[in-house]
Number of protein chains: 2
Amino acid sequence: MPTPDRTTLDAIVAAARDLLEEDGLAGVTMQGVAVRVGVRAPSLYKRVENRDRLIQLVAEETLLELTARLDAAADARTLLDTYRAFGKERPAAFRLVMTPGAGTPVADTAVQAAASTAILRISAGLAGETDALEAARLLTAWATGFISMELNGAFRLGGDIDRAWDYGIAHLVDAITR
Amino acid sequence: MPTPDRTTLDAIVAAARDLLEEDGLAGVTMQGVAVRVGVRAPSLYKRVENRDRLIQLVAEETLLELTARLDAAADARTLLDTYRAFGKERPAAFRLVMTPGAGTPVADTAVQAAASTAILRISAGLAGETDALEAARLLTAWATGFISMELNGAFRLGGDIDRAWDYGIAHLVDAITR
DNA sequence: ACCTGAACACCGTTCAAGT
DNA sequence: ACCTGAACACCGTTCAAGT
């Protein structure tokens, strides 16, 4: 007689996602996830291969959500503001996806590629098709570095961080526009 | 009768530093460090408070070395190339210092501030004193994001990464120059 | 004064035994 | 077919006992 299912993969990923924001990557333990979904740790292995795979699933869920939001942006400033807002909303997930350490499980290539289409579209509009890739990389590298530093509290020399963000957007858009 | 010292704090930090590059942050275990310096794990606690403090010491050693190299740069391109070369030489240490995750031990504030003086000096020369801080943040955010993405293999859409780097420097320097 | 084995509280993961 | 306790190999850290 089969036991009824006491949890689902979606519930497990959601619990891991919440634990990630609350306690950081190291806080995402199989025991912690198990408690949240109401089973014992060994039961999780019926639905997910291991902890690395679970982290990868959280990374992919994060990128899919981010991609959906970026795709809705019509211009560079909106796109970059959306990106930054996502980082502030889910700082740990942002770091997991954008600046994973060595050994950190990483999202599938296709999921990652999809996240680039919005910035490529907008960069092509500003810089032209020839320089679209380089312009997209300039904008992406800047925004990713800026948001990472902001989340890490790395802007330590005073000044207005919002002003630095606006300064960056204005000068970058100007620089890449033909 | 006292036992002769079998290791030193410097040797412990150096072993941790090497393990970091070889096996990543998770690979820096007290047991692993102990084996490298020729003692048992409990003995390490005579010289360093705990693992977090050891990681912090590695972060500070990394920043001091990086600061020394950046201070020697005379112009923006040299500074940025030096920064990128350091990232490629010590990728795990670069990530530890520039994009630490939540809960990762972080260098002392004074050590971090010292690493900013070179970029501030050069930014002031290009953008003027009024915009020096914003310009420094633009350059730093871009370079940090670019190098992080490069180390993570995040440039996945083909194209020439060196060309994207040169494109970035040229357009940024142009953008912030009065 | 430094070093060590033993111990404790955690991890991730496996597996036989339950329902 | 799913769930669990028990077990194993790891961690970081403490501490009494050795020299």
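Throughout, protein chains are lettered first and strands after them, A, B, ... in sequence-line order, and every chain is numbered starting at 1.
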Tell me: [atom1] of [X] to [atom2] of [N], nearest whole Å?
X	N	atom1	atom2	result
A/Y45	C/dT14	OH	C1'	9 Å
A/R51	D/dC10	CZ	P	18 Å
A/D5	D/dA1	CG	C1'	8 Å
A/R40	D/dG5	CZ	P	4 Å
B/M30	C/dC3	CE	P	13 Å
A/N50	C/dC11	CG	P	17 Å
A/K46	C/dT19	NZ	P	17 Å
A/D23	C/dC10	CG	P	15 Å

Presence of salt bridge, A/R90 and A/E65, under 4.0 angstrom: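 No.
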Closest nucleotide among D/dC11, C/dG12, C/dT14 to the B/Q31 side chain: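 Closest nucleotide among those given: D/dC11.
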Residue A/A41, side-chain atoms from C-beta onward, closest of C/dG12, C/dT13, C/dT14: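 Selected nucleotide (nearest to the side chain): C/dT13.
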Phosphate OP1/OP2 of D/dA1: any A/R47 side-chain N/O under 4.0 Å: no
side-chain N/O A/S43 vs D/dC2 OP1/OP2, d < 4.0 Å: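 The answer is no; no side-chain N or O of A/S43 sits under 4.0 Å from OP1 or OP2.
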Residue matched to D/dT14 through Watson-Crick or wobble contacts both under 3.5 angstrom: C/dA6
Opposite nucleotide pairing with C/dT19, Watson-Crick or G-U, both atom distances under 3.5 Å: D/dA1
Whether over 12 other heavy atoms sit under 6.0 Å from A/R40 CZ: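 Incorrect, the count does not exceed 12.
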Neighbour count above 12 (heavy atom, 6.0 Å) for B/R77 CZ: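 Enclosed.
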A/F146 and A/F155 aromatic ring geometry - parallel, tilted or perpendicular at 30°/60° bounds: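 The rings of A/F155 and A/F146 sit tilted, inter-plane angle from 30° to 60°.
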Donor-acceptor under 3.5 Å (A/T104 side chain, A/G101 main chain): yes
